[in-house]
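Okay, structure first, notes after.
Note that the coordinates shown come from a computational prediction; the quantities given were computed from them, not determined experimentally.
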Amino acid sequence: PRLTIGSQKSSGSCPASRMPPLPEVREIPLADEVATTRLGAALAQHVAAGEALLLSGDLGMGKSTLARGLIRALTRPDEDVPSPTFTLVQFYESTPPVAHFDLYRLEDPREIDEIGLYEAIDDGAVLIEWPERLGTGGAEALSPDRLSVTLEADGAGRRAHLTGYGVWAGKLKELHV
């Protein structure tokens, strides 16, 4: 028996070609702040409208440093890139436009509607510090094309764990840092 979904037909099994692609995972050692900034600049070369970059890690791990490197690579090297901890969001005119969100102070995922996150991803790319504040399934609902970056201590430096979903699975394979 065939099941019709939209214009696609299925024989009842789920062929591998219709399964969502597996995420791509990479680990990158970051010796210092310069290396973290360089990773941000490298990621900027691949960012496109409709995508979400999710930055996780404990306080002081370099999320804002990585964000600053990415934003300056998309705008100009001397762009003022303050941490949006208190404003919750900073918008940057670049190609694509980027909205930098810091959700650390967010107390309830329902507050997302009030700060323009969904509008920002419709208009450009979003860079989100503390994405776990989006709640269960929140990051997945933003965009199928997203990159999750987790920064953690690694001796005197840091280590970046990158997981690419959707188009970011392919972009991670092309990333040169």
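The backbone N or O of S143 sits less than 3.5 Å from a side-chain atom of R146, completing a donor-acceptor pair. For K63 (side chain) and D58 (main-chain N/O), a donor-acceptor pair under 3.5 Å exists by modelled atom type.
When all heavy atoms of S64 and S83 are compared, the pair lying nearest together is OG-OG, 3.7 Å. Of all the heavy atoms in A44 and L74, the pair that sits closest is O-CD2, 3.6 Å. For the residue pair D145 and W168, the shortest heavy atom distance occurs at C-CD1, 4.0 Å. The shortest heavy-atom contact between L39 and I28 is CD1-CD1, 3.9 Å. Shortest non-hydrogen contact noted between S56 and P131 is OG-CG, 3.4 Å. Pairing each heavy atom of Y92 with each of P82, the nearest pair is OH-CD, 3.7 Å.
Residues P109 and L134 form no side-chain contact, since every pair of their non-hydrogen atoms from C-beta on lies 4.5 Å or further apart. A 4.5 Å side-chain heavy-atom check between L103 and E129 finds every atom pair outside the cut-off. Between V25 and L172 there is no side-chain heavy-atom pair separated by less than 4.5 Å. Contact check for D113 versus Y118: side-chain heavy atoms found under the 4.5 Å cut-off. Within the 4.5 Å cutoff, the side chain of R68 has heavy atoms near those of the T65 side chain. In this structure, Y165 and L147 have side chains that are not in contact, with every pair of non-hydrogen atoms separated by 4.5 Å or more. Here the side chains of P77 and R72 are not in contact, with every heavy-atom distance at 4.5 Å or above. The shortest side-chain heavy-atom distance between L55 and L127 falls under the 4.5 Å cut-off.
Using a 4.0 Å cut-off between charged nitrogen and carboxylate oxygen, E79 and R76 count as a salt-bridge pair. With respect to E152 and R158, no salt bridge is recorded, no charged nitrogen being found less than 4.0 Å from a carboxylate O.
Under the 4.5 Å side-chain heavy-atom criterion for grouping Ile, Leu, Val, Met, Phe, Trp and Tyr, F91 is connected to L54 within one hydrophobic cluster. Tracing side-chain contacts under 4.5 Å through hydrophobic residues (I, L, V, M, F, W, Y), one reaches I71 starting from M61; they form part of the same cluster. Both F101 and L59 sit in one connected hydrophobic cluster of ILVMFWY residues. Membership requires side-chain heavy atoms under 4.5 Å apart, directly or through other members. In the hydrophobic clustering of ILVMFWY residues, with side-chain heavy atoms under 4.5 Å counting as a link, L66 and W130 come out apart. In this structure, I115 is not a member of the same hydrophobic cluster as V98, with clusters built from ILVMFWY side-chain heavy atoms closer than 4.5 Å.
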The test is side-chain contact (heavy atoms from CB on, under 4.5 Å); show your working for D154 and L30 and say whether it passes.
CA-CA 8 Å; D154 185 20; L30 303 168; over 6 Å; no
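Checking H46 against E51 by side-chain atom types alone, no donor-acceptor pair falls below 3.5 Å. Side-chain polar atoms of Q90 and H100 form no donor-acceptor pair below 3.5 angstrom. In summary, the side chains of E24 and T163 do not present any donor paired with an acceptor at a separation below 3.5 Å, with no hydrogens or angles considered.
In this structure, E111 CD and R105 CZ are separated by 9.5 Å, a value rounded to the nearest 0.5 Å. The distance from atom CZ of R133 to atom OH of Y104, rounded to the nearest 0.5 Å, is 6.5 Å. The structure places CG of L151 at 6.5 Å from OG1 of T36, a figure rounded to the nearest 0.5 Å. The structure places CG of L70 at 10.0 Å from CD of Q45, a figure rounded to the nearest 0.5 Å.
Put simply, the residue from D102, L53, L142 that forms a side-chain contact (heavy atoms from CB on, under 4.5 Å) with I128 is L142.
More than 12 heavy atoms of other shown residues, nucleotides or ligands fall within 6.0 angstrom of atom CD in E27.
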